[in-house]
Amino acid sequence: MNITIVGTGYVGLVTGTTLAELGNSVYCVDIDEKKVEGMKNGVVPIYEPNLEEMFLRNIQAERLFFTTNLKEALDKSEVIYLALPTPPGEDGSADLSYVLKVANDIGEMMTEYKVIVNKSTVPVGTADKVREVIASKTRIPFDVVSNPEFLREGFAVEDSMNPARVVVGASSEKAQEIMAKIYQPFTNTGVPIIFMDEKSSELTKYAANSFLAVKITFMNEIANYCEKVGADVDKVRLGMGSDDRIGHRFLFPGIGYGGSCFPKDVKALIKSGKQEDFNFQILEATENVNIAQKVILVSEIEKYFGGNIEGKTIAMWGLAFKANTDDIREASSLDNIALLLEKGAKIVAYDLVAENNVQKLLGDKIQYARNMYEALDNADALFIATEWPEFKNPNFELMAKRMNNKVIFDGRNIYPLEIPEQNGFYYKSIGRKTVL
Ligand code: NAD
């Protein structure tokens with residue numbers, strides 16, 4: 001099948017590459033000329049494990065193409081996926097301007113039947129809006145389908161090639177058949193495709209992300225309470241998670257959720273609720289708890305240094321919002337950096353792949369180290385902001401030699417308590433006793 005993908009970010013590029021891998025001819029459209037030029041020359045613009053190999057293979061097989069020309073791609077494809085940004089607007093609601101602009105362009109450019117598949121995360125009712133915009137420009141028949149994306153950054157290729165389920169909101173039978181054909185390689189191997197109306201499909205995505213944000217936040221509150229009463233959140237987590245109604249996943253406490261999806265989707269669902277005079281109380285609480293949770297260790301750092309961290313050097317391991325990605329959108333590291341700088345501390349940061357993105361944002365407000373140990377030179381404390389695997393089994397002797405103090409604030413609970421204990425480190429994590 002010939003497919004166009006509009007927007008080649010984390011979702012669009014991975015979806016496009018995956019669909020090409022399944023044998024389709026895929027035309028990826030982006031307005032970012034530099035990005036498109038780079039992709040034409042085999043440069044993957046994002047870091048995502050296992051993407052590059054598949055990307056290059058499909059370019060070579062002449063199934064994956066890149067262009068800035070929407071019309072050219074549109075003319076070649078029956079199916080058009082939208083994988084466009086839906087960032088929070090000023091009031092927290094999802095900004096639909098990217099989606100509606102492209103809908104308008106499609107309406108103006110299309111010359112025969114198309115299925116427009118929306119993969120962006122959008123509020124309930126957006127399929128109707130897209131339909132209206134296109135219909136205002138053309139009399140040619142078309143269908144609009146909601147097909148929310150559930151991939152996880154860091155596992156995007158794996159998730160796209162082995163989805164747990166495919167959700168399709170489509171009221172037209174013709175569009176349902178086309179979608180079933182696209183996803184037939186998955187359904188053939190037992191992956192369920194769940195058809196529903198567009199509104200339910202749009203809400204499924206927000207409900208899923210919001211539920212996960214609530215689950216993480218619930219555990220963060222349990223962890224904070226553990227500290228008050230002397231319980232150990234690791235034990236509580238194992239005890240709780242063994243109940244298969246609860247499960248072990250998403251029960252790891254830490255310095256809050258970030259990334260391009262959970263914060264914005266929770267916000268957008270709260271806002272959508274308000275527009276219907278509906279208060280998502282649980283989501284409002286989740287958002288507030290998470291904002292505080294992100295910087296919960298800063299007051300611990302201040303406490304450790306007797307209330308004043310002016311002039312202290314803090315080494316920061318990890319900048320990405322989670323491991324295995326270069327994405328720093330809403331990363332907890334950034335909230336901590338801002339607060340620590342405001343209080344007069346100096347930051348020397350190290351991240352395997354996210355450093356460039358932070359440098360673009362913060363420039364020389366902080367220093368950058370070439371490796372995890374260099375970041376520790378003359379550091380008064382280490383702050384762990386991302387759970388990158390390489391931080392999990394470090395050389396503590398070397399760390400002790402390079403640091404001024406043997407002090408770790410761990411926002412991701414990556415060490416069992418006995419490890420810093422055996423190595424003589426002060427170690428403050430989340431929801432567990434402090435190792436002194
Ligand atoms: P992104 O910012 O990484 O990528 C968006 C791309 O769209 C950019 O390359 C941008 O240049 C391009 N673009 C903007 N306007 C354009 C236009 N008019 N024509 C062509 N290209 C244009 O975004 P993303 O993270 O891939 O997210 C896209 C959507 O998918 C969002 O709604 C997001 O909520 C949703 N989503 C994201 C994830 C994730 O993990 N990142 C997961 C599920 C769903």
Side-chain angles (χ1 to χ4, degrees), residues 4-18 27-39 43-49 51 66-74 80-89 93-109 116-123 126-127 130 133 146-160 163-164 166-167 201-202 204-210 212-213 257-269 320-331 357:
T4 285
I5 310 273
V6 192
T8 54
Y10 289 86
V11 169
L13 185 57
V14 174
T15 303
T17 307
T18 311
Y27 302 90
C28 293
V29 181
D30 206 289
I31 42 165
D32 185 334
E33 287 175 13
K34 225 171 113 195
K35 202 178 204 179
V36 169
E37 215 32 58
M39 291 189 291
V43 179
V44 186
I46 52 168
Y47 174 77
E48 194 56 59
L51 180 59
F66 304 97
T67 178
T68 52
N69 189 331
L70 176 62
K71 169 82 174 136
E72 194 185 292
L74 209 62
I80 322 295
Y81 278 76
L82 307 184
L84 292 156
T86 48
S93 61
D95 175 358
L96 290 180
S97 59
Y98 298 87
V99 170
L100 297 180
K101 158 84 176 66
V102 172
N104 185 75
D105 293 348
I106 291 173
E108 283 178 350
M109 291 171 183
I116 291 89
V117 181
N118 184 33
K119 266 222 165 285
S120 297
T121 303
V122 292
T126 301
V130 168
V133 169
S146 158
N147 175 213
E149 180 52 62
F150 298 100
L151 65 76
R152 297 163 297 166
E153 282 179 26
F155 299 91
V157 172
E158 192 183 318
D159 288 348
S160 296
V166 177
V167 171
S201 167
E202 287 164 342
T204 299
K205 174 64 191 174
Y206 278 109
N209 269 4
S210 297
L212 294 172
Y257 61 78
S260 67
C261 292
F262 289 177
K264 111 176 145 54
D265 294 349
V266 167
K267 227 187 248 324
L269 189 50
F321 86 90
K322 65 173 184 177
N324 298 313
T325 180
D326 60 351
D327 198 343
I328 58 159
R329 291 177 280 187
E330 306 260 358
N357 286 337

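Whatever order the structure lists them in is the order used to number ligands and atoms, beginning at 1. Residue numbers run from 1 in the order of the sequence given.
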Within the distance-only criterion (no hydrogens, no angle test), does the side chain of [X] pair as donor or acceptor with the backbone N or O of [Y] below 3.5 angstrom?
{"X": "T86", "Y": "V122", "value": "no"}
{"X": "S160", "Y": "T15", "value": "no"}
{"X": "D30", "Y": "T8", "value": "yes"}
{"X": "K205", "Y": "E149", "value": "yes"}
{"X": "E48", "Y": "A156", "value": "yes"}
{"X": "N147", "Y": "V167", "value": "yes"}

Minimum-distance protein heavy atom relative to [atom]:
{"atom": "atom 43 (C) of ligand 1", "result": "E149 O, 3.3 Å"}
{"atom": "atom 7 (O) of ligand 1", "result": "G7 CA, 3.4 Å"}
{"atom": "atom 18 (N) of ligand 1", "result": "V102 CG2, 3.5 Å"}
{"atom": "atom 23 (O) of ligand 1", "result": "R329 NH1, 3.9 Å"}
{"atom": "atom 4 (O) of ligand 1", "result": "G9 CA, 3.1 Å"}
{"atom": "atom 32 (O) of ligand 1", "result": "T86 OG1, 2.6 Å"}

I need the contact type for [X] against ligand 1. Using non-hydrogen atoms and a strict under-4.0 Å cut-off, is it side chain, backbone, both or neither?
{"X": "L84", "value": "both"}
{"X": "L70", "value": "neither"}
{"X": "S120", "value": "both"}
{"X": "Y98", "value": "side chain"}
{"X": "C261", "value": "side chain"}

Which of the atoms of ligand 1 are close to [X], meaning less than 4.0 Å from one of its heavy atoms?
{"X": "P85", "answer": "5 (C), 7 (O), 14 (C)"}
{"X": "V6", "answer": "19 (N), 20 (C)"}
{"X": "K205", "answer": "43 (C)"}
{"X": "L151", "answer": "40 (O), 42 (C)"}
{"X": "K264", "answer": "33 (C), 34 (O)"}

>> What I want to find out is whether K267 reaches E330 closely enough, with some N-O distance under 4.0 Å, to be called a salt bridge.
In response: no

>> Side chains of D326 and Y10: any donor to acceptor distance under 3.5 Å?
In response: yes

> Under 3.5 Å, is there a donor-acceptor pair between the D95 and S97 side chains?
Replying inline: yes

> Side chains of L82 and V102: does their closest heavy-atom pair fall under 4.5 Å?
Replying inline: yes

>> Is it true that, when you exclude Y98 itself, more than 12 heavy atoms of the residues, nucleotides or ligands shown sit nearer than 6.0 Å to its OH?
In response: no

Contact check: [X] vs ligand 1, nitrogen or oxygen atoms, below 3.5 angstrom:
{"X": "K35", "answer": "yes"}
{"X": "D30", "answer": "yes"}
{"X": "V11", "answer": "yes"}
{"X": "T121", "answer": "yes"}

> Knowing that exactly one of L74, N69, L70 qualifies, which makes a side chain to side chain contact (heavy atoms under 4.5 Å, CB included) with E72?
Replying inline: N69

> Nearest heavy-atom pair of N324 and P49: which atoms, and what distance?
Replying inline: O-CD, 3.6 Å

> Is E153 near ligand 1, meaning one of its heavy atoms is under 4.0 Å from it?
Replying inline: yes

